[in-house]
Amino acid sequence: MEQAKADKKCEVCCLKNIRNPPPATKRCLDCEESMCGDCSSDHVLHKLNRDHKLFPVDQIDSEEYVTELRARQKILCDHNKKDPVEIFCPMCKKFICAPCMFLEHKDHDCLRITAAADKEKENLQLRLKLIEKKSLLYDQFKTAAEVRKASVEEGRKKAKSQVNKQLELVIKMVRRRADDLLQEIEIKSHAALQTLNALIATVITNQKQLDDAVDFSRKLINLGNDIDVLQMAPACEHRSESVHTHDIPTFPITMTQLQLITKDMEECGTNINRCLGDVVPAASGRLVTSFKVDLAESPEEIISHVTTDVSADILIGIWCQEDMSRNRIHIYDTTFVLQGTIPNPRAAEKGAFAGIAIDDDGNIVTRCQESNEIIVYTKTGDHVRTFYSESPEAVAVNSKGHYVVAGSNTLTVHHKDGKVLQTTPDPWGKYSKYIHCNVKDDDVIVTDPGDDHIRVYDSTLQLKYKYGYEGDVDGQVNGPGGTCCLDNGDIILIDLNNHRLHLVSQNVKFKQFLLSEENGLNWPRDVAINRFGQIIVGEKTGEIKVFQL
């Protein structure tokens with residue numbers, strides 16, 4: 001029989017002692033025997049075998065065969081290793097028989113194996129959705145990373161080309177300047193040499209006349225007779241006096257040696273650096289995508305806040321001044337499909353429900369000003385906790401997981417359980433404030449659309465800087481809104497009425513305008529940066545725009 005199994009022969013024919021048994025073509029899963037075609041046909045004619053499952057031998061390695069075997073697998077109960085299990089105990093995580101359920105597991109929430117499996121399948125489906133969603137985030141991140149790579153490659157080629165062009169320009173300028181200097185040297189040197197040659201020629205002429213007068217006078221003295229001396233003496237005297245009156249030339253005052261005055265190398269290097277320029281991140285302001293939130297026109301609803309969490313979901317605060325019971329928070333996934341809504345918990349009192357911050361537990365932190373409450377929810381809208389804070393207008397979360405609350409007249413740091421850790425005065429604002437914590441150094445940035453500046457406090461709530469004053473040029477703001485920060489600590493600031501975004505350095509100095517009306521901005525209210533490094537801008541009218549910088 002073992003040889004028949006190894007040779008894949010018909011086991012029934014082997015039992016009949018048939019010489020040269022034929023190969024097996026079917027296997028009975030109930031009898032666990034392999035048979036030829038004739039034996040398998042006879043096998044199912046018997047009354048007791050009619051329900052037996054015959055499986056083709058050539059498909060024994062298939063998944064269908066394995067699935068069928070697992071379905072027929074019988075697990076015996078541990079109490080006697082004889083009774084088949086029928087029940088599953090979720091508390092003990094064990095398969096048991098019916099008597100054991102009534103005896104040893106009577107207080108446990110036991111289920112039939114099929115029902116328990118169906119329930120577990122539902123749980124697996126939920127987990128599967130979360131995993132698939134995270135896998136989708138990985139795909140999105142890879143896509144964004146590839147786009148960034150392409151952008152970096154393009155930027156590298158462009159920047160290198162610009163450097164080479166600047167280098168050629170600088171070299172041309174240097175060569176042109178060198179040519180000018182060489183020509184100037186030639187001109188000035190030639191003029192000086194002409195002057196010197198003329199002076200030398202004059203001196204030679206005068207000296208020759210002088211030498212001639214001396215020679216004639218010596219000859220007259222040595223060779224002339226008395227009559228010659230008396231006759232020629234007056235002429236000699238006149239000639240000597242004439243030559244003697246010639247002045248010896250003097251050199252012009254400007255007749256000096258030429259030299260090249262050069263700057264010191266440090267200054268020269270600085271000038272070259274200025275000529276070549278600096279390498280800085282390019283702000284292209286490319287609009288990646290956008291979508292519009294449905295807002296009511298009467299009473300008017302507007303976008304008040306925008307933020308994003310580690311899953312890249314976008315959370316949007318909706319504000320209605322005339323009917324604050326309508327205030328709410330929408331949660332959208334990365335494909336802009338609405339996942340849920342957190343309504344105003346104080347709708348009956350029409351409390352001023354607003355603000356969005358994400359804490360280190362992934363919960364949503366909001367505020368209700370009239371009830372003096374900070375309210376925390378899960379992303380599914382379940383209430384986590386509520387605690388008191390005086391007239392809260394905005395809330396943020398710092399790197400320690402503490403809640404930093406901008407009140408009407410104060411700035412307060414709470415532990416997440418509500419305990420006050422620190423507080424300091426902050427000026428009263430005309431409108432509701434915005435607040436953001438720079439996780440690089442825990443600076444706290446406070447803005448109020450009614451003031452045309454922002455205030456930056458350090459981690460101890462000491463005022464460090466102010467930025468901005470009313471206007472529309474560099475460093476001027478008209479209605480500051482929400483803020484967020486880059487990894488290096490630079491601040492991105494909403495400039496509502498000027499329809500633009502400022503980039504402000506860590507020491508609160510204007511750097512540049514990141515986005516403006518030219519990029520499609522229209523009444524921006526709040527700004528955030530998602531996990532892909534993209535800037536998300538929420539506009540007053542309901543447009544949510546995603547930009548790649």
task = Answer yes or no: does atom CG of D294 have more than 12 heavy-atom neighbours from other residues, nucleotides or ligands under 6.0 Å?
result = no
message = Between Q422 (side chain only) and T460 (backbone N and O only), is there a donor and an acceptor less than 3.5 Å apart?
response = yes
query = V477 pairs by side-chain contact (heavy atoms from CB on, under 4.5 Å) with which of L493, T447, I494?
reply = L493
note = Residues at least two apart in sequence or cross-chain that pass side chain to side chain contact (heavy atoms under 4.5 Å, CB included) with Q231, listed by chain then number, are I227, D228
request  = Could you check I303 against L295 for side chain to side chain contact (heavy atoms under 4.5 Å, CB included), going step by step and ending with a plain yes or no?
outcome  = CA-CA 9 Å; I303 297 294; L295 301 176; 4.3 Å; yes
inquiry  = Would the distance check show the side chain of N498 and the main-chain N or O of R500 forming a donor-acceptor pair, the cut-off being under 3.5 Å?
reply    = no
ask   = Among H414, K419, H415, which residue meets the side-chain hydrogen bond (donor to acceptor under 3.5 Å, both in side chains) test with D417?
value = H415
query = What's the shortest heavy-atom distance between S290 and K545, and which atoms?
reply = CB-CG, 3.9 Å
ask   = Would you find a donor on one side and an acceptor on the other, under 3.5 Å apart, between the side chain of S135 and the backbone of I131?
value = no
inquiry  = Would you compute the distance between atom CD1 of I445 and atom NE2 of H436 and round it to the nearest 0.5 angstrom?
reply    = 5.5 Å
N/O donor-acceptor pairs under 3.5 Å from side chains in residues 160-172, not counting sequence neighbours:
| residue | atom | partner | partner atom | Å |
| --- | --- | --- | --- | --- |
| N164 | ND2 | K160 | O | 3.3 |
| Q166 | NE2 | C275 | O | 2.5 |

ask   = So, the side chain of E370 versus the backbone of A352: is there a donor-acceptor pair under 3.5 Å, distance only?
value = yes
Polar side-chain atom of N497 near backbone of N478 as donor-acceptor pair, under 3.5 Å = yes
key: Validation row: N327, C320 side chains within 4.5 angstrom (heavy atoms)   = yes
key: Under the side chain to side chain contact (heavy atoms under 4.5 Å, CB included) test, residues paired with K400 that sit two or more places apart   = N398, H402, D442
key: Polar side-chain atom of D526 near backbone of V306 as donor-acceptor pair, under 3.5 Å   = yes
message = Just verifying a value: how many Å separate I364 CD1 and I342 CD1, rounded to the nearest 0.5 Å?
response = 3.5 Å
request  = Look at atom NZ of K464 and say whether more than 12 heavy atoms of other residues, nucleotides or ligands are closer to it than 6.0 Å.
outcome  = yes
Under 3.5 Å, which donor-acceptor pairs link side chains of residues 176-189 to any protein atom two or more places apart or in another chain?
| residue | atom | partner | partner atom | Å |
| --- | --- | --- | --- | --- |
| E184 | OE2 | K188 | NZ | 2.8 |
| S189 | OG | I185 | O | 2.7 |

ask   = When you measure from the side chain of T143 to the backbone N and O of D139, does any donor-acceptor pair fall under 3.5 Å?
value = yes
note = With K433 as partner, the option from D448, D451, D426 fulfilling salt bridge (Lys or Arg N to Asp or Glu O under 4.0 Å) is D426
query = Is there a side chain to side chain contact (heavy atoms under 4.5 Å, CB included) between M324 and W319 once you walk through the steps?
reply = CA-CA 7 Å; M324 293 188 187; W319 177 269; 3.7 Å; yes
inquiry  = Taking the side chain as everything from C-beta on, heavy atoms only, tell me whether I544 gets closer than 4.5 Å to V293.
reply    = yes
query = Can you find a heavy atom in the side chain of T308 that is under 4.5 Å from one in the side chain of I529?
reply = no
ask   = Relative to the ring of H502, is the ring of F510 parallel (under 30°), tilted (30 to 60°) or perpendicular (over 60°)?
value = perpendicular
message = Treating D361 as the side-chain partner and N363 as the backbone partner, does any N or O pair qualify as donor plus acceptor under 3.5 Å?
response = no
task = Output the distance between atom CH2 (W523) and atom CD (E517), rounded to the nearest 0.5 Å.
result = 9.0 Å
inquiry  = Assess the residue pair K466 and V508 against the criterion (side chain to side chain contact (heavy atoms under 4.5 Å, CB included)); give the C-alpha distance rounded to whole Å, side-chain angles, the decisive distance to 0.1 Å, and a yes or no.
reply    = CA-CA 7 Å; K466 288 184 180 181; V508 196; over 6 Å; no
message = Taking CZ in F141 as the centre, count heavy atoms belonging to other residues, nucleotides or ligands within less than 6.0 Å. Is the count above 12?
response = no
query = What closest approach, in Å, do Q548 and R148 show between heavy atoms, and which atom pair accounts for it?
reply = NE2-NE, 2.5 Å
ask   = Taking the side chain as C-beta and beyond, is there a heavy-atom pair between K511 and L514 under 4.5 Å?
value = no
task = Decide yes or no for V456 and I491: does some side-chain heavy atom of the first lie under 4.5 Å from some side-chain heavy atom of the second?
result = yes
key: Distance (rounded to the nearest 0.5 Å) between I454 CD1 and T483 OG1   = 6.5 Å
request  = For residues L515 and V537, report the shortest heavy-atom separation together with the two atoms involved.
outcome  = CD1-CG2, 4.5 Å
ask   = For E154, what residues pass the side chain to side chain contact (heavy atoms under 4.5 Å, CB included) criterion, not counting sequence neighbours?
value = none
message = Before you tell me yes or no, could you show the steps for E539 and N522 under side-chain hydrogen bond (donor to acceptor under 3.5 Å, both in side chains), namely the whole-Å CA-CA distance, both residues' side-chain angles and the distance that decides it to 0.1 Å?
response = CA-CA 6 Å; E539 296 183 340; N522 184 33; 5.1 Å; no
request  = Considering non-hydrogen atoms only, spot the tightest contact between G355 and T366 and give its length.
outcome  = O-CG2, 3.2 Å
remark   = In short, I492 meets V527 closest at the heavy-atom pair O-CG1, 4.1 Å
request  = Using the six-membered ring wherever Trp is involved, compare the ring planes of F353 and Y377 and label them parallel, tilted or perpendicular (cut-offs 30° and 60°).
outcome  = perpendicular
query = Are side-chain heavy atoms of K440 and C485 found at a separation under 4.5 Å?
reply = no
Pair R328 + E301, salt bridge at N-O below 4.0 Å = yes
request  = Report yes if the side chains of D443 and D458 come closer than 4.5 Å at any heavy-atom pair, otherwise no.
outcome  = yes
ask   = Between D359 and K416, is there a salt bridge with N-O shorter than 4.0 Å?
value = no
key: Audit row: E393, Q369, side chain to side chain contact (heavy atoms under 4.5 Å, CB included) steps and yes/no   = CA-CA 6 Å; E393 295 190 1; Q369 188 172 9; 3.6 Å; yes
inquiry  = Tell me every residue that passes side chain to side chain contact (heavy atoms under 4.5 Å, CB included) with K133, counting only those two or more places apart in sequence or in another chain.
reply    = D313
note = CD1 of I358 to CG of D360, rounded to nearest 0.5 Å, is 11.5 Å
task = Using modelled atom types only, decide if a donor and an acceptor are shared between the side chain of H330 and the backbone of T341 within a distance under 3.5 Å.
result = no
query = Does the ring centre of Y467 sit less than 6.0 Å away from the ring centre of H453?
reply = no
query = Are side-chain heavy atoms of E390 and T412 found at a separation under 4.5 Å?
reply = no
message = Is there a salt bridge (charged side-chain N to carboxylate O under 4.0 Å, His left out) between R218 and D215? Walk through the geometry before answering.
response = CA-CA 5 Å; R218 287 193 182 278; D215 183 62; over 6 Å; no
inquiry  = Can you give me the closest heavy-atom contact between I356 and G317, atom names plus distance?
reply    = CD1-N, 3.4 Å
query = Are there more than 12 heavy atoms of other residues, nucleotides or ligands under 6.0 Å from atom OH of Y431?
reply = no
key: Side-chain (S151) to main-chain (V147) donor-acceptor, under 3.5 angstrom   = no
